Amino acid sequence: MAGIVVGAMAIIIIVSVMNGFTQLIGVFYSDFDPDLKITPTEGKMFDPSEIDAQKIKDVPGVVSYAEVIEEVAMLKYGKQQYPATVKGVPANYNCYTNIEKLLTDGSYYFEKQGIDYAIVGRGVANYLNVGVSFLDPIDIYVPKKGRQFSLNPSRSVNHGYLYPAGIFSVLEEIDAQYILVSDSYAKELFESGNKVSAIELDIDDSASVKEVQNKIEAILGDKFHVKNKEQQHDLVFKTMKSEKWAVYFILIFILLLASGNMIGNLTMLYIDKKEDITILQSMGMTTQNINRIFLYEGWIISFAGGLIGTLLGIFVCWLQIEFGLLKLPGANGSFVISAYPVYIMVSDVILAFVAVLSIGFLASWYPVKFMSQKRLAKININ
C-alpha cells in the first residue's frame with residue numbers, strides 16, 4: 001500500500017507542477033499576444049479589404065480590432081548588427097495587450113515632437129547594447145519591394161532610424177525577436193501599402209474565446225487562420241504537453257514496477273494460507289469464493305493506497321500553492337516567481353486515480369488467477 005500511496009502522490013504532484021509552469025508561460029504570452037489573431041493561409045501579407053471587417057467587429061464579444069504589420073529587418077547600432085521582427089502596431093495596441101505593464105525601462109510612445117520611437121525587446125536591446133538614455137538612433141535596413149540586387153546597396157534597401165523609448169521583457173523567445181513601432185512607420189519602411197500581416201482581436205472577458213473563434217472562422221472561410229493565444233505559440237505548448245504526458249507515462253511505469261510488490265505479497269500469502277484454503281474447501285467453499293478473498297484484499301490495498309496517495313498529493317499541492325514551501329533554486333527575488341508554480345487539474349487527478357486503480361486491480365487479479373490454477377490443483381490432488 002505504501003508503494004501505491006507514494007506512486008499516486010508523485011503523479012499528482014509532478015503533473016500539477018508541470019501544469020503550473022504551462023499556465024505561467026501562458027500568462028506571460030497573454031500579456032503580449034492578442035486573444036485572437038487572423039493571418040492568411042498563403043503568403044505573409046493580405047489586403048484587409050478582402051474580408052468583411054464590419055462582420056467581425058459585430059461578432060458578440062469582440063472588443064478591439066487592430067491591423068498590424070510584421071516583417072524581419074536588420075538592426076544596426078554602432079558596430080552591432082542584429083536581425084529582428086519589426087512589428088507595426090496601431091495606437092490602441094496598449095488597450096488590448098499589457099505592453100505597458102511589461103516595460104522594464106522607459107515609457108510607452110511611438111512619436112514625440114515629430115521624432116519616431118520604438119519599444120525594444122530586452123533581448124534585442126542586449127544584443128545591440130542600446131538603452132533608452134542613449135543619444136544615437138537605431139538604424140533599420142530592409143530590402144526594397146520588387147527591386148533586384150544592385151551593386152549600390154542604397155538602391156536595393158530601405159533605410160530608417162528610430163530612438164528607443166522603452167524596453168519590454170516577457171519571455172526570452174519574444175524579447176530577443178521583437179521591436180515595436182507605429183503602424184504608419186512600418187507601412188512606410190516596408191512599402192506595404194494597404195496590406196497588413198495580421199488582424200488582432202481583443203475578446204471580452206465574459207465571452208467564450210472558443211465560440212468567438214468559431215464564429216469568425218465561419219465568416220472568413222479557408223483563406224485565413226484564426227488562432228487563439230495557445231495556437232499562436234503552437235510549438236511551445238505542444239512541447240510542454242508532450243513532456244507532461246511523457247513524465248506521466250514514466251511515473252505510471254514506475255508504479256507498475258512498484259505493483260510487483262503486491263503481486264509477490266499476494267502470491268506468498270496464497271502459499272502461506274495453503275492449510276487454511278484446504279480447511280475452507282473441506283467446509284464446502286468453492287474455488288471462486290476462495291479466490292475472491294485474495295482478490296478483494298488486493299483491491300482494497302490498491303483502492304486505499306490510490307485514495308490516500310491522491311489526497312496526500314492534492315494536500316501537498318495546496319501547501320505549495322498557499323505557502324510556496326519549495327523555492328526555485330537561485331531565484332533570490334530576481335525571477336517573477338520564487339517558488340515552484342502548481343496548478344491542479346481535476347481531469348489529471350481523475351486520470352491518475354483511475355490509472356492507479358487499474359494497475360492495482362491487474363496486480364491483484366494476476367497472482368490470484370495464477371495461484372488458483374497451480375496451488376489449488378495440487379491441493380485437490382493431495
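Predicted, not measured: the structure shown is a model, and the values here were computed from it.
- Defined by atom type and a distance below 3.5 Å, a donor-acceptor pair is missing between the side-chain atoms of Lys210 and Asn228.
- The CD1 atom of Ile12 lies 5.0 Å from the OG1 atom of Thr310; values are rounded to the nearest 0.5 Å.
- Here Phe110 and Tyr185 keep their ring centres 6.0 angstrom or further from each other.
- Checking each of Thr104, Asp105, Asp175 against Ser169 for a side chain to side chain donor-acceptor pair (under 3.5 Å) leaves exactly one that passes, namely Asp175.
- Through direct or relayed side-chain contacts under 4.5 Å between Ile, Leu, Val, Met, Phe, Trp and Tyr, Tyr161 connects to Tyr109, Ile115, Tyr117, Tyr163.
- Listed by first then second residue, pairs satisfying ring-ring contact (aromatic ring centres under 6.0 Å, His included) with a partner in residues 65-102 read Tyr82-Tyr127, Tyr93-Tyr96, not counting sequence neighbours.
- Contact annotation: the side chain of Glu67 never approaches that of Asp183 to less than 4.5 Å [non-hydrogen atoms, C-beta and beyond].
- In this structure, the side chains of Tyr270 and Asn291 come closer than 4.5 Å at one or more pairs of heavy atoms.
- Under the side-chain hydrogen bond (donor to acceptor under 3.5 Å, both in side chains) criterion, Ser206 pairs with Asp204, sequence neighbours left out.
- Using a 4.5 Å cut-off on side-chain heavy atoms (C-beta onward), Glu297 and Ile301 make contact.
- Membership of the apolar cluster around Leu319 extends to Phe315, Trp318, Phe323, Leu325, as traced through chained side-chain contacts below 4.5 Å between ILVMFWY residues.
- Aromatic ring pairs are classed by plane angle as parallel below 30°, tilted from 30° to 60° and perpendicular above 60°; the pair His233 and Tyr29 is parallel.
- Between the side chains of Gln23 and Asn19, no donor N or O sits under 3.5 Å from an acceptor N or O.
- Side-chain atoms of Tyr141 and Gln81 form no donor-acceptor pair, as typed in the model, at a separation below 3.5 Å.
- Proximity of Met262 to Ile4: side-chain heavy atoms (C-beta onward) are separated by under 4.5 Å at one or more points.
- Under a hydrophobic clustering in which Ile, Leu, Val, Met, Phe, Trp and Tyr are joined whenever their side-chain heavy atoms come within less than 4.5 Å, directly or via other members, Tyr108 and Phe32 fall into the same cluster.
- For the side chain to side chain donor-acceptor pair (under 3.5 Å) test with Gln231, the passing option among Gln213, His225, Lys37, Lys238 is Gln213; the others fail.
- Using a 4.5 Å heavy-atom cutoff, the side chains of Leu201 and Pro34 are not in contact.
- For Gln288, the side-chain hydrogen bond (donor to acceptor under 3.5 Å, both in side chains) criterion is met by no residue, not counting sequence neighbours.
- Put simply, the side chain of Leu255 reaches to within 4.5 Å of the side chain of Val356, judged on heavy atoms.
- Contact of the Asp202 side chain with the Asn92 side chain is not registered, since no non-hydrogen atoms from C-beta on lie closer than 4.5 Å.
- Cluster partners of Ile167 are Val132, counting Ile, Leu, Val, Met, Phe, Trp and Tyr whose side-chain heavy atoms approach within less than 4.5 Å, directly or via other members.
- Atom NZ of Lys241 is separated from atom OG1 of Thr22 by 8.5 Å, given to the nearest 0.5 angstrom.
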